[in-house]
Each structure stands twice: as structure tokens, then as C-alpha cells.
S.K.: 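This is the structure, below, for whatever I ask next.
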Amino acid sequence: MNKLELKGQWNVVKGKLKQKYGDLSDDDLTYTEGQEDELIGRLQRATGKAKEELIDEINKL
């Protein structure tokens, strides 16, 4: 299983995700250190994508 790597760039990643998925809310994209699984769960519900697919996409941004 892949690991989500945010490395302090979350505001940039968040902006890119909002551009790609216009229906994501700020609540969907709220990131708190140590709660990556919750973030991925919210994104899965909003986009319908698999966990691994979302992690890969975020890590590539």
C-alpha cells in the first residue's frame, strides 16, 4: 500500500485538487497531521476513486 506524502505542500496540492474536482469543499480538503486516512476517506466519498489511486494522484501533484 502506498503512503501519502504531503511534505508541507498541502496548500498547493489542495488548490490543484480543487481545480481538478470542482465539487470538493474546504471541509473535504481539511488536512490535520496524523489524520491522512480521514482525508483520503473524505476524498474517496467525494470523487469515487480508490484509496491507492487517490494517494498516487496526490503524490504526483
Side-chain angles (χ1 to χ4, degrees):
M1 186 181 312
N2 292 332
K3 182 173 167 83
L4 184 61
E5 299 173 18
L6 296 175
K7 297 183 184 175
Q9 296 280 339
W10 183 240
N11 286 332
V12 173
V13 172
K14 183 166 90 170
K16 289 180 181 182
L17 286 171
K18 275 187 144 182
Q19 287 176 350
K20 186 168 185 172
Y21 303 104
D23 58 336
L24 289 176
S25 70
D26 286 333
D27 288 339
D28 291 331
L29 295 168
T30 300
Y31 169 68
T32 303
E33 192 169 336
Q35 296 183 343
E36 292 85 359
D37 287 338
E38 270 187 43
L39 170 65
I40 294 298
R42 289 191 304 269
L43 293 175
Q44 281 182 281
R45 282 192 303 275
T47 64
K49 293 190 174 197
K51 180 178 181 176
E52 290 78 15
E53 186 177 1
L54 282 169
I55 290 172
D56 287 341
E57 186 173 337
I58 291 170
N59 286 335
K60 289 178 183 176
L61 293 176

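Throughout, numbering of the chain's residues begins at 1 and tracks the sequence. The model shown is predicted, which means the values in this text are computed figures rather than measured ones.
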S.K.: Quiz question: by atom type and distance under 3.5 Å, do the side chains of Lys16 and Tyr21 form a donor-acceptor pair?
M.R.: no
S.K.: Drop me the distance from Glu52's CD to Ile40's CD1, to the nearest 0.5 angstrom.
M.R.: 9.5 Å
S.K.: Please name all residues satisfying salt bridge (Lys or Arg N to Asp or Glu O under 4.0 Å) with Asp26, sequence neighbours left out, ordered by chain then number.
M.R.: Lys18
S.K.: To the nearest 0.5 Å, how far apart are CG in Asp28 and NZ in Lys14?
M.R.: 11.0 Å
S.K.: Report the distance from atom CG of Leu24 to atom CD of Gln19, rounding to the nearest 0.5 Å.
M.R.: 12.0 Å
S.K.: Shortest non-hydrogen contact from Asp23 to Ala46?
M.R.: OD2-O, 4.0 Å
S.K.: So, does Asn59 use its side chain to make a donor-acceptor pair with the main chain of Ile55 at under 3.5 Å?
M.R.: yes
S.K.: Please report the shortest heavy-atom distance between Leu17 and Leu43, naming the atom on each side.
M.R.: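 Looks like CD1-CD1, 4.4 Å.
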S.K.: Verify, without hydrogens or angle tests, whether Arg42 (side chain) and Leu29 (backbone) share a donor-acceptor contact under 3.5 angstrom.
M.R.: no
S.K.: Under the rule for side-chain hydrogen bond (donor to acceptor under 3.5 Å, both in side chains), what residues qualify as partners of Lys20, not counting sequence neighbours?
M.R.: Glu57
S.K.: State plainly whether one hydrophobic cluster holds both Leu61 and Val12, where clusters connect Ile, Leu, Val, Met, Phe, Trp and Tyr through side-chain heavy atoms under 4.5 angstrom apart.
M.R.: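 Unlinked, Leu61 and Val12 end up in two clusters.
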S.K.: Please report, to 0.1 Å, the donor-acceptor pairs under 3.5 Å made by any side chain of residues 32-39, with sequence neighbours excluded.
M.R.:
{"unit_1": "Glu36", "atom_1": "OE2", "unit_2": "Tyr31", "atom_2": "OH", "d": "3.0"}
{"unit_1": "Asp37", "atom_1": "OD1", "unit_2": "Lys51", "atom_2": "NZ", "d": "3.4"}

